[in-house]
Amino acid sequence: MATEQEKNKRRLQELMERPGNSCCADCGAADPDWASFTLGVFICQRCSGIHRNLPQISRVKSVMLDSWLTPEVEFIASTGNNAAKDKYEQKIPPFYYRPTHTDCLLLQEQWIRARYERKEFVHVEKQEPYSAGYREGFLWKRGRDNGQFLSRKFILSEREGALKYFNKHDAREPKAIMKIHTLNASFQPTKIGHPNGLQITYLKDNSTRNIFVYHEDGKEMVDWFNGIRAARFHYLQVAFPGASDADLVPKLTRNYIKEGFMEKTGPKQTEGFKKRWFTMDDRRLMYFKDPLDAYARGEVFIGSKENSYTVLPGLPPSTQGNHWKFGITIVTPDRKFLFACETEEEQRDWIAAFQKVVNRPMLPQEYAVEAHFKHKP
């Protein structure tokens, strides 16, 4: 005869088969093997670690390894992931970033706290920090020349269509004005060396400019991030009046397709190969001397195969100089670009990233970007 424990484990296995319960309630990862018996949801191991930091709200157990009481199992049976979603996500703004299992820990933690602890998507007034259309505060910003992080005042204004920062706390004129229509933000904790590190990019004279910021308070940093997304969302709603939310949301912010070190040679292909940090941002391949440089040393536009762009493994036989072993050649209508990777795995990953872009037909506005690249000095 089955014990109570065996019955409870079997019941939990059955509950995991129900619609909505086969993915983590918080990040969507497949086959969650933990559950919160106070919230009534199935979650993955990574999210369970965040729930453990909220003991007043969520108590978690491993579905398979821990022992379960019948009332705990029955509470999960009466709730489940779909019911929790209906309860805690009633009024989520379309621009609010919903992290997945591939996102950094900060985004996931603040998403979980926003849902269950602060109940931001039940009480709309709690969305004020990122929904108001105006935000100001101080962030630690990395200095362009000396690499030191210094406190700088930032103002995000939808009315002005810009994010600005000031070098002195009482300065009247901003040090930089970043137009919302060219703005992007991406969490980069490893690169910046801080768990709350955010990389903000914008176009200055049609070249990409990077700034690196953080705030000690994780909520503050995620509010800035969602504030930027809100400003971009409202700008795009005006720019594309017929577009649906589903069309606009993917355009709010973007993570880079791939980043990492490769070696490159110059246009004559006679100079030696130099190690550079590469960032693939949509169709712009940028290279930097250092990952935290403010400006790229150069940018390469990568179009589509219909427009004579090709990606080839290896380097031409005539290639000179010492370089890493695993080469990549990008053929454009104007010239060939030669790169070298340190490992075969890196070569494979970069080729896959380039191929993904080359296989995608170009959009009308991308032709204008391509034309500008051809006329760059």
Working for side chain to side chain donor-acceptor pair (under 3.5 Å), residues S58 and S36: CA-CA 6 Å; S58 183; S36 167; 2.8 Å; yes
Hey, is [atom1] on [X] packed in by over 12 heavy atoms from elsewhere, all under 6.0 Å?
X: E345; atom1: CD; answer: no
X: D290; atom1: CG; answer: yes
X: K126; atom1: NZ; answer: yes
X: E173; atom1: CD; answer: no
X: K87; atom1: NZ; answer: no
X: Q45; atom1: CD; answer: no

Distance-only, no hydrogens or angles: does the [X] side chain make a donor-acceptor pair with backbone N or O of [Y] under 3.5 Å?
X: R232; Y: K251; answer: yes
X: T38; Y: I57; answer: yes
X: E72; Y: L69; answer: yes
X: D217; Y: K219; answer: yes
X: E263; Y: W324; answer: yes
X: E342; Y: M262; answer: no
X: T329; Y: G314; answer: yes
X: N21; Y: N81; answer: yes
X: D281; Y: M286; answer: no

Can the ring centroids of [X] and [Y] be said to lie less than 6.0 angstrom from one another?
X: F278; Y: F261; result: no
X: H51; Y: Y116; result: yes
X: Y96; Y: F121; result: yes

When you measure from the centre of the six-membered ring of [Y], is the NZ or CZ of [X] closer than 6.0 Å and no more than 45° off the axis?
X: R135; Y: W224; value: yes
X: K264; Y: F339; value: no
X: R229; Y: F233; value: no
X: R297; Y: W277; value: no

Considering non-hydrogen atoms only, spot the tightest contact between [X] and [Y] and give its length.
X: T253; Y: A185; result: CB-O, 3.6 Å
X: F154; Y: M178; result: CE2-CE, 4.3 Å
X: A83; Y: T79; result: CB-O, 3.5 Å
X: S48; Y: V60; result: O-CG2, 4.1 Å
X: A294; Y: R209; result: CB-NH1, 3.1 Å

Ring pair (Phe, Tyr, Trp, His ring centres under 6.0 Å), paired with Y97, selected from W111, F225, F187: F225
Set of side chain to side chain contact (heavy atoms under 4.5 Å, CB included) partners for K119, sequence neighbours left out: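 Once residues adjacent in sequence are excluded, the partners of K119 under the side chain to side chain contact (heavy atoms under 4.5 Å, CB included) criterion are Y88, V122, H123.
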Y134 vs E136, side chain to side chain donor-acceptor pair (under 3.5 Å): CA-CA, chis, key distance, verdict: CA-CA 7 Å; Y134 181 88; E136 69 174 79; 2.6 Å; yes
D282: which of R254, R360, K258, K356 passes salt bridge (Lys or Arg N to Asp or Glu O under 4.0 Å):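 Looking at R254, R360, K258, K356, the match for D282 under the salt bridge (Lys or Arg N to Asp or Glu O under 4.0 Å) is R360.
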NZ/NE/NH1/NH2 to OD/OE distance under 4.0 Å, E299 and R284: yes
Any donor-acceptor N or O pair under 3.5 Å, side chains Y309, E370: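 A donor-acceptor contact under 3.5 Å links the two side chains.
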Interatomic spacing from CG in D103 to CG in N255 - rounded to 0.5 Å: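 Output value for this atom pair is 6.0 Å.
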From CD1 (I112) to CG (L39), nearest 0.5 Å: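 I112 CD1 to L39 CG: 10.0 Å, rounded to 0.5 Å.
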Mutual orientation of the aromatic rings belonging to F37 and W68 [parallel < 30°, tilted 30-60°, perpendicular > 60°]: perpendicular
Aromatic plane relationship, F95 with Y130 - under 30° parallel, 30 to 60° tilted, over 60° perpendicular: perpendicular
